[in-house]
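Model, not experiment: these values are computed from the prediction. Positions are given from 1, in the same order as the sequence printed here.
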Amino acid sequence: MHKGTGGITSHLLGGLCSSLRRFLFSILSVGPVPNHVAFIMDGNRRYAKKRNLVEGVGHKVGFSALLSILRYCYELGVKYVTVYAFSIENFKREPKEVQSLMDLMQEKIEELLQQESIINEYGVRLHFIGNLQLLTEPVRVAMEKAMRVTAHNNQRVFLICVAYTSQDEIMHAVEESCKDKWNQVQASKGANSLYDAVARADEGLKRNGIIDVNAQDSCNDYEHATKACGSVLDGVEGAGEKDDEGIKESKYKQCELPSVKLIDIEKHMYMAVAPEPDILIRTSGEARLSNFLLWQSSTCPLYSPTALWPEIGLRHLMTLRNTPPAIEVFLQYDVAG
């Protein structure tokens, strides 16, 4: 009887706290609310060490903290939440620790897909961001399934950066942009028609000076192809032989290659599925970005509470002693901007 009464009391208190929290958020949401909040979840291992916990427990407690933060953000009205879960640099840790993290990741992904999870409660779409080919196959398969299952959700978005660094993301985007441009060149008929037209025109002109209909078409092709080539390389040494009239340099017309533009690179970023973050929060008091969202965070404020990630809670988002809370940091930045 006592246990039953305690359970009911706990349930009622939980419901009351939830209602008060929602009421507070409804007031705060009247003003500007971040559309996208990014987190560097720093301090899981230090948390476990500080409390003499078994290795790996800190990450499990950190996952519970993540679920709470997700709920607070979504209740507040934040649409996009991004977390830095596993850096490419983390692969340099002890193999046993890396494998433990991979196993934990797979386990938690499966938990997120359960019917009663926060993902289904808020209609959250999952994106796993990074060089996923570096991950073990079971983890990669679990991530692909999670993204496929939640693809129809459109209320909130949760981005998990795994096997990620900004350097890798930028390099990937540049490589993909160059591949696109190269494919455009290959698919273009301009370069091919230029050489084909020259060959056909020469063949027609060699027929005793008689230009037949096909040769005439070849000349037209040549003219059109030449007009399509926009750039001219002047003064290329050794480009051709000098003629008897003393021409000192040759001019060759060359098809203009398409250039890689900023929009091309941004289109191929891993994070192209989300807008730039409005605020970036890193726990444990560190102010470093650690190769996270370097491209996307050039103008957003950085908030660094001293709490370790497993310790983070609602109070760190709303009120923090001697340090402005995350929402206040955003509001100050929004007003200044």
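- Rounding to the nearest 0.5 angstrom, the gap separating the SG atom in Cys300 from the CG atom in Leu302 is 7.5 Å.
- Between the side chains of Gln99 and Asp103, at least one donor N or O lies within less than 3.5 Å of an accepting N or O.
- In summary, Glu311 and Lys50 engage in a salt bridge, as defined by a charged side-chain N under 4.0 Å from a carboxylate O.
- Under the 4.5 Å side-chain heavy-atom criterion for ILVMFWY residues, no single connected hydrophobic cluster contains both Val61 and Met41.
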Might you work through the side chain to side chain contact (heavy atoms under 4.5 Å, CB included) test for Gln133 and Arg140, ending with a clear yes or no? CA-CA 8 Å; Gln133 295 304 313; Arg140 190 169 62 251; 4.0 Å; yes
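- Note: Arg148 CZ to Lys145 NZ = 7.5 Å, rounded to the nearest 0.5 Å.
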Could you walk me through whether Ile109 and Met143 pass side chain to side chain contact (heavy atoms under 4.5 Å, CB included), step by step? CA-CA 7 Å; Ile109 291 172; Met143 291 179 177; 3.6 Å; yes
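- At least one side-chain heavy atom of Phe91 sits under 4.5 Å from a side-chain heavy atom of Leu135.
- Within a 6.0 Å sphere centred on CD of Glu94, other residues, nucleotides and ligands contribute 12 heavy atoms or fewer.
- Taking the six-membered ring where tryptophan is involved, the planes of Tyr80 and His36 are tilted, since the angle between them lies from 30° to 60°.
- Judged purely by atom type and a 3.5 angstrom limit, Ser177 uses its side chain to pair as donor or acceptor with the backbone of Ala173.
- The hydrophobic cluster containing Trp295 does not contain Leu280, counting ILVMFWY residues as joined when their side-chain heavy atoms lie under 4.5 angstrom apart, directly or transitively.
- Contact record, Leu53 with Val57: CD1-CG1, 3.9 Å, taken as the closest heavy-atom pair.
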Might you work through the side-chain hydrogen bond (donor to acceptor under 3.5 Å, both in side chains) test for Ser259 and Lys261, ending with a clear yes or no? CA-CA 6 Å; Ser259 60; Lys261 297 180 172 26; 3.1 Å; yes
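- Counting heavy atoms of neighbouring residues, nucleotides and ligands inside a 6.0 Å radius, atom CD1 of Ile263 does not exceed 12 of them.
- Between the side chain of Thr283 and the backbone N or O of Leu308 there is no donor-acceptor pair closer than 3.5 Å.
- Across Leu113 and Asn120, no two heavy atoms sit closer than the pair O-ND2, 3.8 Å.
- Between Phe292 and Cys161 the shortest heavy-atom distance is CE1-SG, 3.7 Å.
- Atom OG1 of Thr150 and atom CZ of Arg156 lie 15.0 Å apart (nearest 0.5 Å).
- For the residue pair Tyr164/Asn291, the side-chain donor-acceptor check at 3.5 Å is not satisfied.
- Side chains of Gln184 and Lys181 form a contact here, defined as non-hydrogen atoms less than 4.5 Å apart.
- The aromatic ring centres of His127 and Phe158 sit 6.0 Å or more apart.
- Leu289 is not listed as a side-chain neighbour of Arg282, based on a closest heavy-atom distance of 4.5 Å or more.
- Both Ile119 and Met147 sit in one connected hydrophobic cluster of ILVMFWY residues. Membership requires side-chain heavy atoms under 4.5 Å apart, directly or through other members.
- Heavy atoms of other residues, nucleotides or ligands lying less than 6.0 angstrom from CD of Glu97 number more than 12.
- A donor-acceptor pair is defined here as one N or O able to donate and one able to accept, closer than 3.5 Å; such a pair exists between the side chain of Ser87 and the backbone of Glu89.
- Ile265 contributes atom CD1, which lies 9.0 Å from atom CD1 of Ile170 (distance to the nearest 0.5 angstrom).
- Using a distance-only test at 3.5 Å, with no hydrogens or angles considered, no donor-acceptor pair links the side chain of Asp42 to the main chain of Ser284.
- Remark: Tyr74 pairs with Tyr122 by the ring pair (Phe, Tyr, Trp, His ring centres under 6.0 Å) rule, at least two apart or across chains.
- Of the possible polar contacts, one joining the Glu169 side chain to the Met271 backbone as a donor-acceptor pair under 3.5 Å is found.
- Annotation: the span from Trp309 atom CH2 to Asn44 atom CG amounts to 8.5 Å, rounded to 0.5 Å.
- Residues Leu104 and Leu66 do not share a hydrophobic cluster, clusters being chains of Ile/Leu/Val/Met/Phe/Trp/Tyr side chains in contact below 4.5 Å.
- The two residues Ala38 and Pro277 come nearest to each other via the heavy atoms CB-CB, 4.1 Å.
- Residues Phe86 and Met102 meet the side-chain proximity criterion, which asks for heavy atoms closer than 4.5 Å.
- Between Tyr84 and Leu293, the closest side-chain pair of non-hydrogen atoms is not below 4.5 Å.
- Ion pairing of Arg71 with Glu121 is present here, as a side-chain N (NZ or NE/NH1/NH2) and a carboxylate O approach within less than 4.0 Å.
- Residues Val78 and Asn35 have side chains not in contact (no heavy-atom distance under 4.5 Å, counting atoms from C-beta outward).
- Counting heavy atoms from C-beta on, the side chains of Val81 and Val157 never come closer than 4.5 Å.
- Val141 is not connected to Val149 by any chain of hydrophobic side-chain contacts under 4.5 Å among Ile, Leu, Val, Met, Phe, Trp and Tyr, and they are in different clusters.
- Smallest separation of non-hydrogen atoms from Ala48 and Val54: CB-O, 4.4 Å.
- Without hydrogens or angle criteria, Asn183 side chain to Lys179 main chain gives a donor-acceptor distance under 3.5 Å.
- Counting non-hydrogen atoms of neighbouring residues, nucleotides and ligands closer than 6.0 angstrom, the NZ atom of Lys60 reaches no more than 12 such neighbours.
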Would you sort out whether Asn90 and Val98 count as a side chain to side chain contact (heavy atoms under 4.5 Å, CB included), showing the intermediate values? CA-CA 7 Å; Asn90 292 149; Val98 173; 5.9 Å; no
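- Scanning all heavy atoms of the two residues, the minimum distance from Ala146 to Leu126 falls at CB-CD1, 3.9 Å.
- Going from atom CD1 of Ile281 over to atom OG1 of Thr82 covers 11.5 Å, rounded to the nearest 0.5 Å.
- Side chains of His268 and Glu175 form no contact here, defined as non-hydrogen atoms less than 4.5 Å apart.
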